[in-house]
Amino acid sequence: MNVLWVLAHPEPRSLNGFLATEGQRALRAEGHEVEVSDLWAMGWNPVVDAAGYAHDPAQRFQVAAAAKLAHESGALSADVRAEQEKIDRADAIVVQFPLWWFGMPAVLKGWFDRVWLQGYAYGLRGPDGEWIGYGDGFLAGKRALVVVTAGGPAWSYGERGIHGAVGELLFPLQHGTLFYAGAEVLPPVVISGADRFTAEEGERAAAELRERLRAMPTAEPIPYRTQNGGDYGDDLVLRPDVAPGSTGLGAHLARRPGA
């Protein structure tokens, strides 16, 4: 596989830096090709602006439309085009970051904002003219794995933990971004208690990560319901006969992972 590893952490000597190095080494040892977008090291600009889309500043800046036009006309800035080319080459994408205020660091959010633009990552139609998304999109046939560190203990991110269940905290990224784009999204690698890790605990975390990466080509993805698989009506709401009485984020799972 050709794997794109997107890393969002400012310190290469951190636990995240260690895990990224070990994970990439493990993938290469298995014969995979690895490309890396280390966003802090790259000095990635996370801010959407008119200049990145060669948009005339005298005209109103409608972001989605300007991005689509720039994409179609070849006017995108070079840094955005380079990231899209990496995505196009990839068979799998690893997205790694520390959980900051229950979400991804701003630099990573800005990577998605600038790179995953209309006409490339969304606003697409299938061969029959239907709008596509949630299980069918530009990442169709590719796999995606989220690797995240969190400061709190594991139990605080459980089903009844005060921070909320990890699957729900990561739902916007895993379901709303990666699965929307068509990727087969694997259960995340979550390293909790990261603020207090010892060297020995770091080694155990790296071993867990290596195991998950070895399984990445064949592991079972999260069973999200697909947009055009029959579970949703034309209004993109679950049909009344699908999971009756079930609401919330869990309703969009065809079954519980591992069941």
Side-chain angles (χ1 to χ4, degrees), residues 4-10 35-90 93-98 100-142 144 146 170-183 185 224 226-228 232-237 252:
L4 172 59
W5 194 296
V6 183
L7 173 64
H9 197 285
E35 286 194 275
V36 179
S37 288
D38 184 340
L39 301 184
W40 255 284
M42 293 161 57
W44 177 259
N45 170 24
V47 180
V48 172
D49 59 18
Y53 303 142
H55 180 75
D56 182 355
Q59 301 296 320
R60 178 184 172 190
F61 182 34
Q62 295 179 295
V63 175
K68 181 179 181 182
L69 178 61
H71 172 65
E72 292 174 345
S73 65
L76 285 174
S77 60
D79 58 345
V80 170
R81 290 199 310 272
E83 294 307 294
Q84 290 179 345
E85 290 168 1
K86 291 178 187 177
I87 294 170
D88 293 342
R89 287 191 293 267
I93 301 174
V94 176
V95 182
Q96 182 191 355
F97 59 96
W100 287 358
W101 287 113
F102 300 97
M104 64 184 83
V107 70
L108 180 56
K109 180 61 166 62
W111 182 82
F112 282 107
D113 289 345
R114 294 188 62 219
V115 176
W116 294 46
L117 47 80
Q118 185 175 16
Y120 174 70
Y122 72 96
L124 307 176
R125 291 184 182 272
D128 298 326
E130 76 281 10
W131 291 107
I132 59 176
Y134 292 109
D136 190 10
F138 84 115
L139 293 186
K142 301 178 188 284
V146 173
L170 296 178
F171 190 85
L173 171 58
Q174 294 191 139
H175 181 269
T177 304
L178 298 170
F179 183 68
Y180 177 87
V185 184
Y224 293 127
T226 59
Q227 175 178 307
N228 297 318
Y232 298 92
D234 293 339
D235 57 0
L236 300 183
V237 175
H252 302 290

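Both backbone and side-chain heavy atoms feed into the values below; hydrogens, waters and symmetry mates do not. From a predicted model like this one, the values you see are computed outputs, not experimental measurements.
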Stepwise side chain to side chain donor-acceptor pair (under 3.5 Å) test for Glu35 and Trp5: CA-CA 6 Å; Glu35 286 194 275; Trp5 194 296; over 6 Å; no
Intermediate values then yes/no, side chain to side chain contact (heavy atoms under 4.5 Å, CB included), Asp136 and Gln227: CA-CA 8 Å; Asp136 190 10; Gln227 175 178 307; over 6 Å; no
Derivation of the side chain to side chain contact (heavy atoms under 4.5 Å, CB included) call for Arg89 and Leu4: CA-CA 8 Å; Arg89 287 191 293 267; Leu4 172 59; over 6 Å; no
Side chain to side chain contact (heavy atoms under 4.5 Å, CB included) evaluation trace for His71 with Val80: CA-CA 10 Å; His71 172 65; Val80 170; over 6 Å; no
Audit row: Val6, Val94, side chain to side chain contact (heavy atoms under 4.5 Å, CB included) steps and yes/no: CA-CA 6 Å; Val6 183; Val94 176; over 6 Å; no
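Remark: Tyr180 OH to Ile132 CD1 distance equals 8.0 Å, nearest 0.5 Å. In this structure, CD in Gln174 is found 11.5 Å from CZ in Phe179, a value given to the nearest 0.5 Å. The structure places CG of Leu170 at 12.0 Å from CZ of Phe102, a figure rounded to the nearest 0.5 Å. In this structure, CG in Leu108 is found 10.5 Å from CD in Gln96, a value given to the nearest 0.5 Å. A distance of 10.0 Å separates CD in Gln84 from CG in Asp79, rounded to the nearest 0.5 Å.
Between Trp44 and Val107, the shortest heavy-atom contact is CD1-O, 3.7 Å. Among all heavy-atom pairs drawn from Trp116 and Leu178, the shortest one is CH2-CD2, 3.8 Å. Among all heavy-atom pairs drawn from Trp40 and Ala8, the shortest one is CZ3-C, 3.5 Å. Considering every non-hydrogen atom in both Leu173 and Phe97, the closest pair reads CD2-CE2, 3.6 Å. What you find for Val36 and Lys86 is that their closest heavy atoms are O-NZ, 3.6 Å. Residue Arg114 comes nearest to Val48 through the heavy atom pair CG-CG2, 3.9 Å, listed as atom of the first residue, atom of the second, then distance.
Tyr134 and His175 have their aromatic ring centers within a separation under 6.0 angstrom.
With hydrogens and angles ignored, the 3.5 Å screen pairs a side-chain donor or acceptor of Thr177 with a backbone N or O of Pro172. At distances below 3.5 Å, not a single donor-acceptor pair connects side-chain atoms of His55 with backbone N or O atoms of Ala67.
In this pair, Phe61 and Tyr53 present their aromatic rings tilted. The plane angle is within the 30 to 60° band.
For the pair Leu117/Leu76, a side-chain contact is recorded, criterion being any heavy-atom separation below 4.5 Å from C-beta on. Within the 4.5 Å cutoff, side-chain heavy atoms of Tyr120 are placed close to those of Ile87. Side-chain contact between Met42 and Trp111 is absent, with no heavy-atom pair separated by less than 4.5 Å.
With a 6.0 Å radius and a threshold of 12 heavy atoms from other residues, nucleotides or ligands, Lys109 has its NZ atom at or below the threshold.
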